[in-house]
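What follows is a single structure, written as structure tokens, with notes after it.
As the structure is a prediction and not an experimental result, all values here were calculated from the model.
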Amino acid sequence: MILWTTAFLDSPADAWDRTLEHWQAVTATTLSSRRGPDGEFVTLVPRDGDPFLRAQRTRTGGPGVHLDLHVADVRASADAAVRAGAREVAASDHVVLTSPGGMPFCFVTASERHRPGAVAWDAPGGARWTSLLDQYAVDVPAEHWAAERRFWATVTGWEEQPSAPEDELVPLVRPAGQPLRILLQRLDEPTGTVRAHLDLACDDREAETARHVALGARVERVRAQWTVLVDPTGRRYCVTDRDPVTGRPS
């Protein structure tokens, strides 16, 4: 049973400060004290509720994200994930694994319990809207689509939201109180490694996009229900037309 979910912003040293500055502003959070032997871990603390966004300064790789699943029994959960098709990479007080298509994730101990609420924003002239980082989107090349769908439904115990066979977006049904939805997205790419990005829900996409651009993001493309942005370090993410409270399309 998944008790909580946390998204990690993974950043090499040359992108660390810019990552923290951008995402702290995007989410209206404050930074915790640094942790780890070299101060390589930090939590982005929301105004209310428990944290579900953290950052890690990495030694290799570019800017990215990974998912932590909080559970009561880390070892048992990791063993079950391996039986479902995961590969174990490392183990200590937590276990690092990759999904069948190669996406990193971790099992960690449970602690948090209270989901934060949406953040209200005001613009000159009286405009007001809300937004919330609330979704971890798993980007799946076609060759891994069937295996990744089975894997994430099995590992989380969350059912797929009913969808048509041709749908490219398949959300898992988020249990009450969980801070992050998990969305499986089938890419046009026939092959490749599974990766992920973060999504924000908002009730005024134009205003929310303008806010992000003012913070240093750039617009990569605009779709019917979401806008793809790139943060100052090159990390892609989306602003979407969804209710920040329920997570459902608006």
Decide side chain to side chain contact (heavy atoms under 4.5 Å, CB included) for L53 and L198; before the verdict, give the C-alpha distance in whole Å, the side-chain angles of both, and the deciding distance to 0.1 Å.
CA-CA 10 Å; L53 182 63; L198 300 177; 4.3 Å; yes
Among pairs that include at least one residue of residues 234-246, which meet salt bridge (Lys or Arg N to Asp or Glu O under 4.0 Å), considering only residues two or more places apart or in two chains?
D134-R242, R205-D241, E220-R236, D231-R235
V82 reachable from L67 in the ILVMFWY side-chain graph, under 4.5 Å edges
yes
Closest approach of S131 and W121, non-hydrogen atoms and distance?
OG-NE1, 2.8 Å
If the plane angle is over 60° it's perpendicular, under 30° parallel, otherwise tilted; pick one for F105 and F151.
perpendicular
Check whether any side-chain heavy atom of D38 sits under 4.5 Å from a side-chain heavy atom of R59, and report yes or no.
yes
Report the C-alpha distance between R186 and V140 in whole Å, list the side-chain angles of each, state the deciding distance to 0.1 Å, and finish with yes or no for side chain to side chain contact (heavy atoms under 4.5 Å, CB included).
CA-CA 5 Å; R186 187 179 68 244; V140 186; 5.5 Å; no
Could you go through the side chain to side chain contact (heavy atoms under 4.5 Å, CB included) check for W23 and T233 one step at a time?
CA-CA 11 Å; W23 286 93; T233 72; over 6 Å; no
Are any of the side-chain heavy atoms of P63 and P12 separated by less than 4.5 Å?
yes
Are V155 and V108 connected into the same hydrophobic cluster when the rule is that any two of I, L, V, M, F, W, Y join if their side-chain heavy atoms are below 4.5 Å apart?
no
Using every non-hydrogen atom in the two residues, find where V95 and A78 come nearest and quote the distance to one decimal.
CG1-CB, 3.7 Å
Please examine the side chains of E21 and D17, heavy atoms only from C-beta on, and report whether any two atoms are closer than 4.5 Å.
no
Please report the closest heavy-atom contact between G117 and D48, naming both atoms and the distance.
N-OD2, 3.0 Å
Calculate, to the nearest 0.5 Å, the distance between atoms CG and OG1 belonging to L200 and T227 respectively.
11.5 Å
Report yes or no: does E143 contribute a side-chain atom to a donor-acceptor pair with the main-chain N or O of G192 at less than 3.5 Å?
yes
Residues P244 and R115: closest non-hydrogen pair is O-NH2, 3.4 Å
Would R54 and T6 count as having a side-chain donor-acceptor pair, cut-off 3.5 Å?
yes
Transitive ILVMFWY side-chain link V228 to L183, under 4.5 Å
yes
Closest non-hydrogen atoms of W129 and R211, given as atom of the first, atom of the second and distance, are CZ2-CD, 4.0 Å
Taking V74 as the starting point, is it possible to reach V89 by hopping between hydrophobic residues whose side chains are less than 4.5 Å apart?
no
Pairwise distance CG(D199) to CG(L132) - rounded to 0.5 angstrom
11.5 Å
Polar side-chain atom of R223 near backbone of R221 as donor-acceptor pair, under 3.5 Å
no
Would you mind reporting whether S163 and E168 have side-chain heavy atoms less than 4.5 Å apart?
no
For side chain to side chain contact (heavy atoms under 4.5 Å, CB included), just list the numbers for V173 and W158, CA-CA rounded to whole Å, side-chain angles, deciding distance to a tenth of an Å, and then say yes or no.
CA-CA 6 Å; V173 179; W158 301 2; 5.6 Å; no
For Y136 and W152: C-alpha separation, side-chain torsions, deciding distance, then whether ring-ring contact (aromatic ring centres under 6.0 Å, His included) applies.
CA-CA 12 Å; Y136 187 89; W152 288 105; 7.5 Å; no
Check whether any side-chain heavy atom of V170 lies under 4.5 Å from a side-chain heavy atom of E148, and answer yes or no.
no
Suppose we screen for salt bridge (Lys or Arg N to Asp or Glu O under 4.0 Å). Which residues come up paired with E88, at least two apart in sequence or across chains?
R75
Considering residues, nucleotides and ligands other than D188, do more than 12 of their heavy atoms fall under 6.0 Å from its CG?
no
Distance check, rounded to the nearest 0.5 Å: R47 atom CZ versus T27 atom OG1?
9.5 Å
Let me check something: do V65 and L133 share a hydrophobic cluster, defined by ILVMFWY side-chain heavy atoms less than 4.5 Å apart, either directly or through other members?
yes
To the nearest 0.5 Å, what is the distance between CZ (F107) and CG (D93)?
14.5 Å
Backbone N/O of P104 and side chain of T98: donor-acceptor pair under 3.5 Å:
no
Distance only, no hydrogens: is a donor on one side chain within 3.5 Å (strictly under) of an acceptor on the other, for H70 and D68?
no
Can you see whether R35 engages T43 through a side-chain donor-acceptor pair at a distance of less than 3.5 angstrom?
yes
Identify the heavy atoms of W4 and D50 that sit nearest to each other, and give their distance.
CZ2-O, 3.7 Å
Rounded to the nearest 0.5 Å, the CG atom of L9 sits from the NE2 atom of H66 at a distance of 9.5 Å
Using side chain to side chain contact (heavy atoms under 4.5 Å, CB included) as the criterion, point out the one residue from Q24, Q56, R34, R57 that pairs with V42.
R34
Hey, could you give me the OG1/CZ distance between T154 and R149, rounded to the nearest 0.5 Å?
12.0 Å
Taking P171's backbone N and O only, do any of them form a donor-acceptor pair with R181's side chain (distance below 3.5 Å, no angle check)?
no
Using salt bridge (Lys or Arg N to Asp or Glu O under 4.0 Å) as the criterion, list what pairs up with R174, not counting sequence neighbours.
none
